[in-house]
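Data block below; observations after.
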Amino acid sequence: MLERFFRFLGEGMPEDVRADLHREAFRPAVVVTQGRQARTFLTELHAWRGDPPVLPDVPVTVISGSVADGMPRRVRDAATAAGRYRAAQSRQGRHVVAARSGHYIPATESDLIAAEIRRLVLPPVG
């Protein structure tokens with residue numbers, strides 16, 4: 001059932017990536033893992049609000065979606081503001097807004113993610 005519901009994630013992906021998604025993302029073990037995460041997520045989130053993880057002095061990029069797909073605009077804007085705030089906590093932080101994406105940025109703007117990874121790990125050209 002999950003695979004049918006999230007079929008849109010594979011749209012536009014290369015065939016080999018869609019095959020990986022089909023093979024790995026909808027197995028029963030994924031649901032078990034999500035259940036385990038759900039049991040501690042809110043407690044951890046609450047703890048991090050009072051004592052957030054300290055980022056080392058390394059380049060950090062936070063990518064936020066900008067499309068309010070299935071969430072109220074105020075919630076999307078708050079999530080984007082949280083990403084901007086988190087990036088600002090690092091001296092080398094950078095916040096990038098994925099203009100065509102909501103929650104599933106890897107599915108909708110993988111090129112943006114790849115460009116940010118290249119920017120972080122490759123020396124500047126020139």
Side-chain angles (χ1 to χ4, degrees):
M1 189 67 158
L2 286 174
E3 188 169 8
R4 291 181 117 187
F5 185 73
F6 289 102
R7 183 181 334 193
F8 72 93
L9 289 176
E11 294 173 4
M13 289 182 178
E15 182 56 40
D16 62 326
V17 176
R18 269 197 315 275
D20 288 345
L21 184 68
H22 173 78
R23 185 177 58 254
E24 298 172 9
F26 304 107
R27 301 180 60 81
V30 172
V31 176
V32 171
T33 299
Q34 289 174 335
R36 288 178 182 154
Q37 290 172 332
R39 283 195 286 277
T40 61
F41 174 74
L42 291 177
T43 302
E44 292 167 347
L45 183 61
H46 182 52
W48 291 339
R49 283 185 151 180
D51 187 21
V54 176
L55 297 174
D57 189 14
V58 297
V60 173
T61 299
V62 178
I63 303 175
S64 298
S66 62
V67 177
D69 55 351
M71 66 175 64
R73 171 52 55 192
R74 65 178 173 70
V75 174
R76 166 49 59 208
D77 291 346
T80 300
R84 187 179 315 104
Y85 175 82
R86 188 63 180 148
Q89 302 311 296
S90 174
R91 192 172 68 76
Q92 297 183 60
R94 172 179 161 89
H95 182 242
V96 175
V97 175
R100 300 184 325 268
S101 298
H103 184 68
Y104 298 104
I105 300 168
T108 53
E109 290 187 69
S110 57
D111 55 331
L112 175 65
I113 294 171
E116 282 302 310
I117 292 169
R118 282 191 296 274
R119 191 187 68 74
L120 288 168
V121 300
L122 296 177
V125 177

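Residue numbers count from 1 along this sequence.
For R73, the side-chain hydrogen bond (donor to acceptor under 3.5 Å, both in side chains) partners at least two apart in sequence or on another chain are D77. For R39, the side-chain hydrogen bond (donor to acceptor under 3.5 Å, both in side chains) criterion is met by no residue, not counting sequence neighbours. In this view, D57 and R91 satisfy the salt bridge (Lys or Arg N to Asp or Glu O under 4.0 Å) rule, not counting sequence neighbours. Taking the side-chain hydrogen bond (donor to acceptor under 3.5 Å, both in side chains) definition, one finds that Q89 meets it with nothing, sequence neighbours left out. Listed by chain and residue number, nothing satisfies the salt bridge (Lys or Arg N to Asp or Glu O under 4.0 Å) test with R118 (two or more places apart in sequence, or in another chain). Partners of E15 according to the salt bridge (Lys or Arg N to Asp or Glu O under 4.0 Å) rule, which considers only residues two or more places apart in sequence or in another chain, are R18. Checked against side-chain hydrogen bond (donor to acceptor under 3.5 Å, both in side chains), T108 has the following partners two or more places apart in sequence or in another chain: S101. Under the salt bridge (Lys or Arg N to Asp or Glu O under 4.0 Å) criterion, E116 pairs with R94, R119, sequence neighbours left out.
Under the 4.5 Å side-chain contact rule for hydrophobic residues, V32 and V30 do not share a cluster. Taking hydrophobic clusters as Ile, Leu, Val, Met, Phe, Trp and Tyr residues chained together by side-chain heavy-atom distances below 4.5 Å, L112 does not share a cluster with V97.
Here the closest heavy-atom approach between residue A99 and residue S66 is recorded as O-OG, 3.1 Å. Across every non-hydrogen atom of P106 and S110, the tightest pair is O-CB, 3.4 Å. Nearest approach of A98 to I63, heavy atoms of both residues: CB-CG2, 4.1 Å. Contact between P56 and S90 at its shortest, heavy atoms only, is O-OG, 4.3 Å.
A ring pair (Phe, Tyr, Trp, His ring centres under 6.0 Å) check over residues 86-126, counting only residues at least two apart or in different chains, returns the pairs F8-Y104. Sorted by first and then second residue, the ring pair (Phe, Tyr, Trp, His ring centres under 6.0 Å) pairs with a member in residues 51-81 form an empty list; sequence neighbours excluded. Pairs engaging residues 32-66 under the ring pair (Phe, Tyr, Trp, His ring centres under 6.0 Å) rule: none recorded [sequence neighbours left out].
In this structure, D111 CG and R100 CZ are separated by 5.5 Å, a value rounded to the nearest 0.5 Å.
Summarising the local packing, CZ of R74 is surrounded by 12 or fewer heavy atoms from other residues, nucleotides or ligands at distances under 6.0 Å.
Residue L55 shares its hydrophobic cluster (ILVMFWY side chains chained together at separations under 4.5 Å) with V58, V60, V62.
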